[in-house]
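Below you'll find the structure, written out as structure tokens, and then a few comments.
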Protein chains: 2
Amino acid sequence: MLNDMKRRNTPTKQAVLSVLSSSTKAMSPDAIKKKIDVSIDRATIYRVLNRFCDDGVLHRVVADDGKQYFAMCQKCDENEKPLQHFHFRCTHCETIECLPLPVNYTIAKGYEVKNVNCVLIGVCKDCA
Amino acid sequence: MLNDMKRRNTPTKQAVLSVLSSSTKAMSPDAIKKKIDVSIDRATIYRVLNRFCDDGVLHRVVADDGKQYFAMCQKCDENEKPLQHFHFRCTHCETIECLPLPVNYTIAKGYEVKNVNCVLIGVCKDCA
DNA sequence: TATATTAATGCGATTATATCGCATTAATCG
DNA sequence: CGATTAATGCGATATAATCGCATTAATATA
Ligand SMILES: [Mn+2]
Ligand SMILES: [Mn+2]
Ligand SMILES: [Zn+2]
Ligand SMILES: [Zn+2]
């Protein structure tokens, strides 16, 4: 937990985590909502996802379609930094996946990189 | 020109190009609009920018704020592919710049990368 | 130069994503 | 059980971007 606010365990949070942990892909709030049987308010979904990101449970990718996608963090527990990796958006099956491909860069002196948001766009191996 | 549709030369297009060619940064449609003296409709700005992207005159970056930014293409004339490079969004001065830093990746076999959208987020050298 | 063609524009409406305020509900703890 | 307050539902709101359509004007042609 990066945030010290007390969190409560709720069915909504459990359901969201359940959906994302059983997915190999990053998912949009709407796609997550659709995967949950019971009706959950849109605003609640967003708030749950944002809190999980704050807490380092999930990470967020903004794709080139301007939308947010969420996925489980792998190395986020432990005090390790979350692994910065590329994402892949397949224009055919319209999915976004976390690639096991770290983002490497050698940036000019003076810049301070705090975060990255990197998406490769094309056709995934399942659709090729 | 990647597109064979006949384009007409208009004051709006000239103004947009003038603004972007005198900027080292990628700019949002709204920022571009503000830099132009005469009033131009929002929809027109978007259409002009989209056409320029289609024609390979400009390229588009979607930042992690979900917004679109536009910048001149360097290697887009000629029949060369446009250079795929990282961008940098400074959270302090709120600008987005094209970095002279190519995006390199070795992706698993089967994937076909058609485009990239890569943004590094942090504090730029002018703000550090 | 005058006229025809149609790309480009202005304007309003529309779509879509995401957030916010506030009253209510319910998780947690003593 | 009762108190505290995090979490939720609902409606309103903010913002980005696009679309339909009538009008304007850039360009080509006579
Ligand atoms: Mn990821
Ligand atoms: Mn660029
Ligand atoms: Zn695919
Ligand atoms: Zn800066």
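On a predicted model such as this, the values are computed, not experimentally measured, just so you know. Sequence lines set the chain letters: A, B, ... in the order given, protein chains first and strands last, and positions in each chain run from 1.
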Give every residue pair that meets the ring pair (Phe, Tyr, Trp, His ring centres under 6.0 Å) criterion with at least one member in [range], sequence neighbours excluded.
{"range": "residues 9-30 of chain B", "answer": "none"}
{"range": "residues 16-37 of chain A", "answer": "none"}
{"range": "residues 7-30 of chain A", "answer": "none"}

Q.
Once side-chain contact (heavy atoms from CB on, under 4.5 Å) is applied, do any residues pair with A/R47, and if so which ones, sequence neighbours excluded?
A.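 Checked A/R47 against side-chain contact (heavy atoms from CB on, under 4.5 Å); matches are A/A43, A/T44, A/R51.
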Check whether any side-chain N or O of [X] sits under 4.0 Å from OP1 or OP2 of [N], and answer yes or no.
{"X": "B/K67", "N": "D/dA16", "answer": "yes"}
{"X": "A/Y46", "N": "C/dT19", "answer": "no"}
{"X": "A/R51", "N": "D/dT8", "answer": "yes"}

Q.
Could you walk me through whether B/K13 and B/F52 satisfy the side-chain contact (heavy atoms from CB on, under 4.5 Å) test, starting with their C-alpha distance in whole Å, then the side-chain angles of each, then the deciding distance to 0.1 Å, before giving a yes or no?
A. CA-CA 9 Å; B/K13 295 170 74 175; B/F52 277 142; 3.9 Å; yes
Nucleotide [N], atom [atom2] - distance to [atom1] of [X] in whole Å:
{"X": "A/D41", "N": "C/dA18", "atom1": "CG", "atom2": "C1'", "answer": "12 Å"}
{"X": "B/I45", "N": "C/dC11", "atom1": "CD1", "atom2": "P", "answer": "13 Å"}
{"X": "A/D65", "N": "D/dT18", "atom1": "CG", "atom2": "P", "answer": "12 Å"}
{"X": "A/Y69", "N": "C/dA16", "atom1": "OH", "atom2": "P", "answer": "14 Å"}
{"X": "B/L49", "N": "C/dA8", "atom1": "CG", "atom2": "P", "answer": "14 Å"}
{"X": "B/R42", "N": "C/dG10", "atom1": "CZ", "atom2": "C1'", "answer": "11 Å"}
{"X": "A/K6", "N": "D/dT5", "atom1": "NZ", "atom2": "P", "answer": "8 Å"}

Show the atom names and distances, to 0.1 Å, of all donor-acceptor pairs under 3.5 Å that link a side chain in residues 22-30 of chain A to residues at least two apart or in another chain.
from  : atom 1 : to    : atom 2 : distance (Å)
A/S22 : OG     : A/S18 : O      : 3.1
A/S22 : OG     : A/V19 : O      : 3.0
A/S23 : OG     : A/K25 : N      : 2.9
A/S23 : OG     : A/K25 : O      : 3.1
A/K25 : NZ     : A/T95 : OG1    : 3.0
A/S28 : OG     : A/A31 : N      : 3.1
A/D30 : OD2    : A/K34 : NZ     : 2.5

Q.
According to ring pair (Phe, Tyr, Trp, His ring centres under 6.0 Å), who are the partners of B/Y105, at least two apart in sequence or on a separate chain?
A.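 Once residues adjacent in sequence are excluded, B/Y105 has no partner under the ring pair (Phe, Tyr, Trp, His ring centres under 6.0 Å) criterion.
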Q | ring pair (Phe, Tyr, Trp, His ring centres under 6.0 Å) partners of B/F88, counting only residues at least two apart | A |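 Per chain and number, B/F88 pairs via ring pair (Phe, Tyr, Trp, His ring centres under 6.0 Å) with A/Y111.
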Q) How close do A/M72 and A/L20 get, heavy atom to heavy atom, and via which atoms? A)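 A/M72 and A/L20 have their closest heavy atoms at CG-O, 3.5 Å.
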**Q.** Earlier contact from the 5' end, DNA chain D, for A/S39 and B/R60
**A.**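 Closer to the 5' end of DNA chain D: A/S39.
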Q. How would nucleotides 22-29 of chain C be written as a contact map, 5' to 3', with B for base contact, S for sugar-phosphate-only contact and - for no contact, using protein heavy atoms under 4.0 Å?
A. ----BBS-
Q | Rounded (10°) bend between the five-pair end axes of the helix from C/dT1-D/dA30 to C/dG30-D/dC1 | A |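 Here the helix ends are tilted 30° relative to one another.
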Q) Heavy-atom contacts under 4.0 Å between residues 12-37 of chain A and DNA chain D, which residues? A)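 Under 4.0 Å from DNA chain D: A/T12, A/K13.
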Show me, pair by pair, the donor-acceptor contacts under 3.5 angstrom made by side chains of residues 112-128 of chain A, not counting sequence neighbours?
from   : atom 1 : to    : atom 2 : distance (Å)
A/N115 : OD1    : A/Q84 : NE2    : 3.4
A/N117 : OD1    : A/V62 : N      : 3.0
A/N117 : ND2    : A/V62 : O      : 2.7

**Q.** NZ/NE/NH1/NH2 to OD/OE distance under 4.0 Å, A/E94 and A/R89
**A.**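 Judged by the 4.0 Å cut-off on N to carboxylate O distance, A/E94 and A/R89 do form a salt bridge.
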Q. Can you name the salt bridge (charged side-chain N to carboxylate O under 4.0 Å, His left out) partners of B/D65, sequence neighbours left out?
A.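 So B/D65 forms no salt bridge (charged side-chain N to carboxylate O under 4.0 Å, His left out) with any residue.
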Q. Taking the side chain of A/A43 as its heavy atoms from C-beta onward, which of D/dA17, C/dC20, C/dT17 lies nearest to it?
A.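 In terms of side-chain proximity for A/A43, the closest of D/dA17, C/dC20, C/dT17 is C/dC20.
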